[in-house]
Amino acid sequence: MGRPGENYIRNLPLQRKLMVIIMLCCGVTLMAASLFFVAREVKVLYRAQQEDLLSFADMIGKNVASALVFNDPASAQETIRPLIVKKSILAAYVVSRDGHLFARHVAPQADVGSLALEKLPREAAPAEILKAVDRIREEVRGSILTGRASLVKPIYVDSDQVGTVVIHASTTGFLNSLRWTVLATLLFMTVAFVAAYIFSAWLQQMVSAPLLKLLAVMKEVSGSKNFAIRAQRPSSDEIGLLYDGFNEMLCEIEERNQILRQRQAHLQQLAHYDPLTRLPNRTLFYDRLAQALFHADRAKEVIAVIFIDLDHFKDVNDTLGHRTGDLLLVEVANRLSTVVRSCDTVARLGGDEFTVFAQNIDCAHNASIVAEKLHCLFAAPFRLGASEIYVTASIGITLFPNDGKTVDELLMNADIAMYHAKSCGKNVFKLFDKRMNEHASERVTLISDLRSAIEREEFALQYQPKVDLLSGKVTSVEALVRWMHPRLGLLAPDRFIRLTEESGMIVELTDWVLRSACLQAKAWREAGLPPVRVAVNISPYHFQRQDVKRSVCSALAATALDPSLLEVEITESALMQNDEYTCRVLGELREMGITVSVDDFGTGYSSLSYLHRFPINTLKIDRTFILNMMKSSEDQAIVTAIIAMAKSLKMQIVAEGVETVDQLEMLKGEGCHQIQGFLVSRPVNAEHVTQFFNDDNHLRQHGSNPAGPPGAFPSAATR
Ligand code: C2E
Ligand code: MG
Ligand code: MG
């Protein structure tokens, strides 16, 4: 088969291809069988015809032999006369040995013109007759299909040829039989072919139907991408194996698909969600907010972007450990999620910073309501494992489109508002105001100004006395730093201490404060004033840098101050950060004769029992407890507990921020040792503070008048 034919069959649909193959095989087989059958029939018929003629010639030969021997042509003619009834015999001749036409019979239906012996003239010579007989003998073989068969047979008597019989017979009968045979074969072939067609149409389905079904399943799988579909195995032959293979392949794909999907989901989770709190992360928050802004812009709606930062989160981490810090973040995330609507988003940007955006806010007032709700979430204590702590948050709010049009702008402004909330004493929420931007840029200016402030001697110290409740005498004075900013005027520490800590300049500043305070204390001594300690605040950032001792020693060495006249105030959080180191350094300072105080006690998360590990002389109760003590019985109970516990640990107690006589009386009643606060004096300049040194009883003097002497610096809390 040529290439085009081959390609044609190859590209036929499977069903057609199978049909063609089956029909071709059947056709070839039928054709071969039929040809064989017809050929066999021809042979049989031909042989029968020949035998018939031969036996006929034999019979004539035997009957005319004696007539030939006795030269009796009439008897011979008589012998062959009955041949007239044999319709198939066209002509019969008996020729004597010497070539005489001895007997002759020609049937009326014979075409005499075609008979060799008839074509001879009547008086033909014997030699011509014998020659004609020889020609007939030669023609005998190929004559059957021409419609006539001839036979030449010698007649013997005692093995002596006495003559020859020549017979011409018609082969019409033979040809008719042959025609019928061919017709019957063709008919059989046609019937067989039709049967083969019907059968093959049914047979090919056994192969093609399951394959086409498999194809349909394949199409369904690839169309729906549902790899859970399975093809039902139709049989256990090779097609069944093909189904099995296909199903196994689907199983494998499904498994891989599932793994792929899980990995994709995991990646998606990692890329868009915070792994600790499971809240959306910065990327997803930006994305969602950008979309929300787009819709809000078209619908002319207002969106509130809220920035939430936990207050003192670092202290929680440092004092209670990072695990507890993590628990707190998770709990905060859970609480925040309960307040917002489903269309709003709460996200964790990192660290202790959370953001929320609330859509469709009608006005700034509604934004404040949301912020108030968020703020209230921090009213209840957080139960973290064994500990229960109170944590507050500073919240900044900004509104789209008034405060900013882009995600970056809104987040930056919300951040500024949050910082503003922090600088307003924390635990509050603030709506963004364009003036806050000025404040933020002021921050940047202040940081750059700070670098030259020490060189330019812009810092100054004020002192606030601490008075013994029993004697009424000043026991020590706390040195509090101020910055005389060339442009902004006198700045309180809350405006710049945080900045110095963030920029690392706190070390330089503390060194300066230590040296200045020690110099002042030395000067007071040299001026003949009674020995009064000077207390210096040490920032936790500085304390953790592990060079506090070096700073203290160099200040003492530079000023030659008696170490017993120096006191250091460290915060509760600094105390809790690094047990071993803290213990060692405080111990060394104590050994040198320096007094160690814990400042703002009660705001951190340390327990009183924890304190006995440290070599501490004094606890300063934070002023918020003193402030609330009169209003809240809980705060009063805390103050009572702190005083009792500190006493049992042989520590001195100082109550900070005492402003009223009532507070003074209550503290006296509780057995507090010392007080510090506006009731005695605001922080004042060095020359003003000396007037307290010689006074016998300050409590008597200022008991009903909490205002300080002229020149006192107004505290942040009263401004
Ligand atoms: P602190 O160490 O707890 O200092 C006491 C603060 O309470 C002072 O504020 C003081 O003015 C204020 N205060 C005292 N009595 C009263 C009162 O009766 N009522 C009220 N409302 N306030 C009172 P100041 O000077 O603004 O200092 C704030 C904080 O800045 C200090 O808190 C201290 O933590 C820090 N600070 C001050 N100077 C330095 C310093 O030289 N180095 C470091 N690292 N921190 C300092
Ligand atoms: Mg202090
Ligand atoms: Mg304090």
Side-chain angles (χ1 to χ4, degrees), residues 273-274 276-277 279-293 296 302-314 316 325 328-341 343-361 363-378 391-444 498 502:
Y273 290 88
D274 168 44
L276 177 68
T277 58
L279 287 181
N281 63 10
R282 185 182 290 268
T283 319
L284 187 57
F285 183 80
Y286 270 52
D287 234 45
R288 288 193 185 167
L289 182 55
Q291 273 181 30
L293 293 184
V302 177
I303 290 183
V305 178
I306 303 167
F307 205 107
I308 304 152
D309 188 282
L310 303 187
D311 299 327
H312 305 292
F313 178 66
K314 194 175 177 309
V316 177
L328 173 64
L329 291 174
V330 173
E331 183 54 31
V332 168
N334 290 343
R335 287 195 190 179
L336 292 178
S337 305
T338 58
V339 171
V340 295
R341 295 167 298 176
C343 61
D344 303 335
T345 293
V346 185
R348 182 182 170 215
L349 295 196
D352 60 342
E353 293 173 352
F354 294 86
T355 40
V356 177
F357 74 77
Q359 301 187 63
N360 216 350
I361 295 280
C363 57
H365 175 66
N366 284 359
S368 305
I369 292 174
V370 177
E372 181 61 53
K373 274 191 196 169
L374 292 170
H375 186 245
C376 286
L377 293 177
F378 295 88
V391 176
T392 57
S394 301
I395 300 171
I397 311 155
T398 187
L399 296 175
F400 168 87
N402 275 2
D403 301 336
K405 299 257 188 294
T406 64
V407 173
D408 284 331
E409 213 179 335
L410 287 164
L411 272 177
M412 193 180 77
N413 291 342
D415 190 31
I416 289 173
M418 184 277 292
Y419 260 101
H420 197 73
K422 287 249 186 239
S423 61
C424 290
K426 303 183 174 120
N427 193 20
V428 283
F429 64 85
K430 291 282 169 197
L431 272 165
F432 175 77
D433 183 322
K434 295 242 171 354
R435 277 167 298 181
M436 288 179 185
N437 254 334
E438 292 157 23
H439 181 77
S441 63
E442 183 196 290
R443 237 174 81 86
V444 179
R498 200 181 154 111
E502 283 168 13

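Bear in mind that the values here come from a model prediction, so they are computed numbers and not experimental data.
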Looking at F285 and L411, what are the two nearest heavy atoms and their distance?
-> CE2-CD2, 4.0 Å
Check C343 against F357 and note the closest heavy-atom contact, atom names and distance.
-> O-CE1, 4.4 Å
Under the side chain to side chain contact (heavy atoms under 4.5 Å, CB included) criterion, do D408 and Y286 qualify, and how do the steps go?
-> CA-CA 8 Å; D408 284 331; Y286 270 52; 3.4 Å; yes
Heavy atoms, side chains only, cut-off 4.5 Å: are T345 and L289 in contact?
-> no
Worked verdict on L336 versus V332 for side chain to side chain contact (heavy atoms under 4.5 Å, CB included) = CA-CA 6 Å; L336 292 178; V332 168; 4.0 Å; yes
Name the atoms and distances for all side-chain donor-acceptor pairs under 3.5 Å in residues 363-374, with sequence neighbours left out.
residue: S368; atom: OG; partner: A364; partner atom: O; Å: 3.1

Identify the two heavy atoms, one from P280 and one from V346, that lie closest to each other, and give their separation to 0.1 Å.
-> CD-O, 3.1 Å
Are the side chain of R348 and the backbone of D274 linked by a donor-acceptor contact shorter than 3.5 Å?
-> no
Where N281 and A347 come nearest, the two heavy atoms and their spacing = O-CB, 4.3 Å
Indicate the atoms forming the closest heavy-atom contact of Y419 with R443, along with that distance.
-> CE2-NH1, 3.9 Å
For the pair H375 (side chain) and A393 (backbone), establish whether a donor and an acceptor sit closer than 3.5 Å, ignoring hydrogens and angles.
-> no
Looking only at heavy atoms, the pair that brings A414 and V305 closest together is CB-O, 3.8 Å
Rounded to the nearest 0.5 angstrom, the CG-CD distance for L310 and E353 is 9.5 Å
Got more than 12 heavy atoms from elsewhere within 6.0 Å of CZ, R435?
-> no
Restricting to pairs with a member in residues 412-431, which pass salt bridge (Lys or Arg N to Asp or Glu O under 4.0 Å), not counting sequence neighbours?
-> D309-K422, D311-K422
Can you tell me how far CZ of F354 sits from CE of M418, rounded to the nearest 0.5 angstrom?
-> 12.5 Å
Rounded to the nearest 0.5 Å, what separation is found between the CD1 atom of I308 and the OG1 atom of T355?
-> 7.5 Å
Give the intermediate values and the outcome of side chain to side chain contact (heavy atoms under 4.5 Å, CB included) for residues D403 and L431.
-> CA-CA 10 Å; D403 301 336; L431 272 165; 5.9 Å; no
Results of ring pair (Phe, Tyr, Trp, His ring centres under 6.0 Å) for F432 - residues two or more places apart only | none
Starting from the C-alpha separation in whole Å, work towards a yes-or-no answer on side chain to side chain contact (heavy atoms under 4.5 Å, CB included) for L410 and L293.
-> CA-CA 10 Å; L410 287 164; L293 293 184; 3.7 Å; yes
Give a yes or no answer on whether the side chain of Q359 reaches the backbone of A292 with a donor-acceptor pair at less than 3.5 Å.
-> no
Answer yes or no: is there a donor N or O on one side and an acceptor on the other, between the side chain of N413 and the main chain of T398, under 3.5 Å?
-> no
